[in-house]
Amino acid sequence: MSRSTMSRRHPGLLPDGFRDVLQPEGGWIEDVRRRLLDSFQSYGYGLVAPPLVEFDPEPGDADLFQGAFRLMDMESQHLMVLRSDITPQIMRLASTRLDAAARPVRLCYGGEVMRSKGTQLRPARQFQQIGAELIGSATLEAEAEVISLGAESLMAAGVDALSIDLTIPTLPGLLLRQSGLGEGDCDAMLDALDRRDAGALAAIDGDDASKFRALIRASGLADMGLAELDTLALPGEAGRLVARMRRLADHIADTLPSVRLTIDPCERRGFSYKTGVAFSFFAVGHAGELGRGGRYSLDVVGGDSETATGFSL
């Protein structure tokens, strides 16, 4: 057998994390995609379709396309990224092509994304991402609208036993900046919070450390978790964010009574550019989350910034 024959791959073999989608799954995926986008548009969200590739972002924006494939444009000799997340593309559209549009701007999208690495829960490296963004409103009503849109659209697409989990990704960092803990204790605290390791937190003394132990105790059903957070009487921005999460929880309980509501004030992984209350959608029988979203800020022409809220599924 020749060397070329030995190294030849089987024509049906694909790289890890990629697969062919056949019927009936292909038809089911398209049906769900169509139902979701139809639901978004019925709420007044305009459909947009950014391209598959973008120029490689500036160093300060590099985390917006974490895990992206990179390739060289042979025409311009510029490095490009193959999108790993469509939300940064919506941020670009809002701050450039749509910077003069009346606010708030409501946009939705659906398309393929590719990532250089899969995860244990999601080994696929190519999949559909569908989402919606409300740009230019800092009101609580904007967040409530977006959460309701995501939940109602998922249920309309056939998702049963839906659960929403609320978090504040910036809360641990805010509490650390208010604390008198040293750098080593701060790093240990964040690591313990990420692992939900109450034992490691117990080894750190002081009133500040007790606040972080309360964050772990607060994880669970929203009513009990918010009651635990209330005992902390958090000052400043931390207190305002917790109060905002409570108001959102009350809204969800009133408008989506069939949805199970939980909070996890320790959760910050995967919410790198979120600046306010964030959320994840879960459902019984599905491994991992169905989608996530929250409030964030984006830069606009002239050096200003504006707030936006959205989610991706």
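- Tracing side-chain contacts under 4.5 Å through hydrophobic residues (I, L, V, M, F, W, Y), one never reaches F69 starting from V113; they form parts of separate clusters.
- Taken from CG in L98 to CZ in R103, the straight-line distance is 7.0 Å, to the nearest 0.5 Å.
- Scanning all heavy atoms of the two residues, the minimum distance from G310 to E133 falls at CA-OE1, 3.2 Å.
- Closest approach of K274 to G294, counting heavy atoms only: CE-N, 3.5 Å.
- F212 pairs in a side chain to side chain contact (heavy atoms under 4.5 Å, CB included) with only one of the listed residues (L190, L171, L193), which is L193.
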What's the verdict on side-chain contact (heavy atoms from CB on, under 4.5 Å) for L166 and I252, showing C-alpha distance, side-chain angles and the deciding distance? CA-CA 11 Å; L166 299 178; I252 294 168; 4.2 Å; yes
Where do E25 and R19 land on the salt bridge (Lys or Arg N to Asp or Glu O under 4.0 Å) test, with the steps shown first? CA-CA 12 Å; E25 185 183 6; R19 67 189 183 97; 2.6 Å; yes
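- For the side chain to side chain contact (heavy atoms under 4.5 Å, CB included) test with V277, the passing option among R247, R295, R246, E143 is E143; the others fail.
- Atom CG of D250 has more than 12 heavy atoms from other residues, nucleotides or ligands within 6.0 Å.
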Derivation of the side-chain contact (heavy atoms from CB on, under 4.5 Å) call for L175 and L232: CA-CA 11 Å; L175 295 183; L232 299 179; 5.6 Å; no
For the pair L256 and L162, evaluate side-chain contact (heavy atoms from CB on, under 4.5 Å) and give the outcome as yes or no after the intermediate values. CA-CA 10 Å; L256 299 167; L162 188 67; over 6 Å; no
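- Counting only heavy atoms from C-beta outward, the side chains of T170 and E237 never approach each other to under 4.5 Å.
- Put simply, CD1 on I135 and CD on E306 are 7.0 Å apart, with the number rounded to the nearest 0.5 Å.
- The closest donor-acceptor contact from the side chain of T167 to the backbone of D264 lies under 3.5 Å.
- Contact check for Q128 versus E112: side-chain heavy atoms found under the 4.5 Å cut-off.
- Atom CG in L14 sits 5.0 Å away from atom CG in D20 (nearest 0.5 Å).
- The backbone N or O of I86 sits less than 3.5 Å from a side-chain atom of Q129, completing a donor-acceptor pair.
- Between R125 and D16, none of the side-chain N atoms (NZ, or NE/NH1/NH2) sits under 4.0 Å from a carboxylate O, so this pair counts as no salt bridge.
- Taking a 6.0 Å sphere around CZ of R195, one finds it holds more than 12 heavy atoms contributed by other residues, nucleotides or ligands.
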Worked check of side-chain contact (heavy atoms from CB on, under 4.5 Å) between S137 and E145: CA-CA 11 Å; S137 175; E145 176 185 315; over 6 Å; no
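- With hydrophobic clusters built from ILVMFWY side chains whose heavy atoms lie under 4.5 angstrom apart, F282 does not share a cluster with L221.
- Under the 3.5 Å distance criterion, the side-chain polar atoms of S116 are matched with a main-chain donor or acceptor of G67.
- Of all non-hydrogen atoms in P104 and L134, the two that sit nearest each other are CB-CD2, 3.6 Å.
- Closest non-hydrogen pair, Q41 versus C108, comes out as CG-SG, 4.0 Å.
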Kindly determine whether R196 and E267 satisfy salt bridge (Lys or Arg N to Asp or Glu O under 4.0 Å), including the steps that lead there. CA-CA 9 Å; R196 311 299 192 272; E267 186 58 65; 2.9 Å; yes
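- For the pair Y296 and T307, the minimum side-chain heavy-atom distance is 4.5 Å or more.
- Counting heavy-atom neighbours within 6.0 Å of R122 CZ, excluding the residue itself, gives a total of 12 or less.
- Residues P172 and M189 form no side-chain contact, since every pair of their non-hydrogen atoms from C-beta on lies 4.5 Å or further apart.
- Under the 4.0 Å criterion applied to side-chain N and carboxylate O atoms, R213 and E228 are not assigned as salt-bridge partners.
- A donor atom on one side chain and an acceptor atom on the other are found under 3.5 Å apart for D165 and T262.
- In this structure, I130 and F40 have side chains that are in contact, with non-hydrogen atoms separated by less than 4.5 Å.
- Here I147 contributes atom CD1 and T309 contributes atom OG1; the two are 8.5 Å apart, rounded to the nearest 0.5 Å.
- Classification of the H78-F55 ring pair by plane angle, with boundaries at 30° and 60°, yields perpendicular.
- Judged by distance alone, the side chains of R83 and Q89 do bring a donor and an acceptor atom under 3.5 Å apart.
- Looking only at distances, no side-chain donor or acceptor of S39 sits under 3.5 Å from a matching main-chain atom of L36.
- Placement of V21 and V32 within a single hydrophobic cluster is found when ILVMFWY residues are connected by side-chain heavy-atom separations under 4.5 Å, directly or transitively.
- Note: M91 CE to T96 OG1 = 11.5 Å, rounded to the nearest 0.5 Å.
- Linking Ile, Leu, Val, Met, Phe, Trp and Tyr residues whenever their side-chain heavy atoms come within less than 4.5 Å places L47 and F311 in a single cluster.
- Scanning both residues, L140 and R244, for their nearest heavy atoms gives N-NH2, 3.2 Å.
- Hydrophobic cluster membership differs between I90 and M114, with clusters built from Ile, Leu, Val, Met, Phe, Trp and Tyr side chains linked at under 4.5 angstrom.
- Shown here for L37 and Y109, the closest heavy-atom pair between the two residues is CD2-O, 3.5 Å.
- One distance of note links CZ of R35 with CG of L154; it measures 12.0 Å at 0.5 Å rounding.
- In this structure, L241 and L174 have side chains that are in contact, with non-hydrogen atoms separated by less than 4.5 Å.
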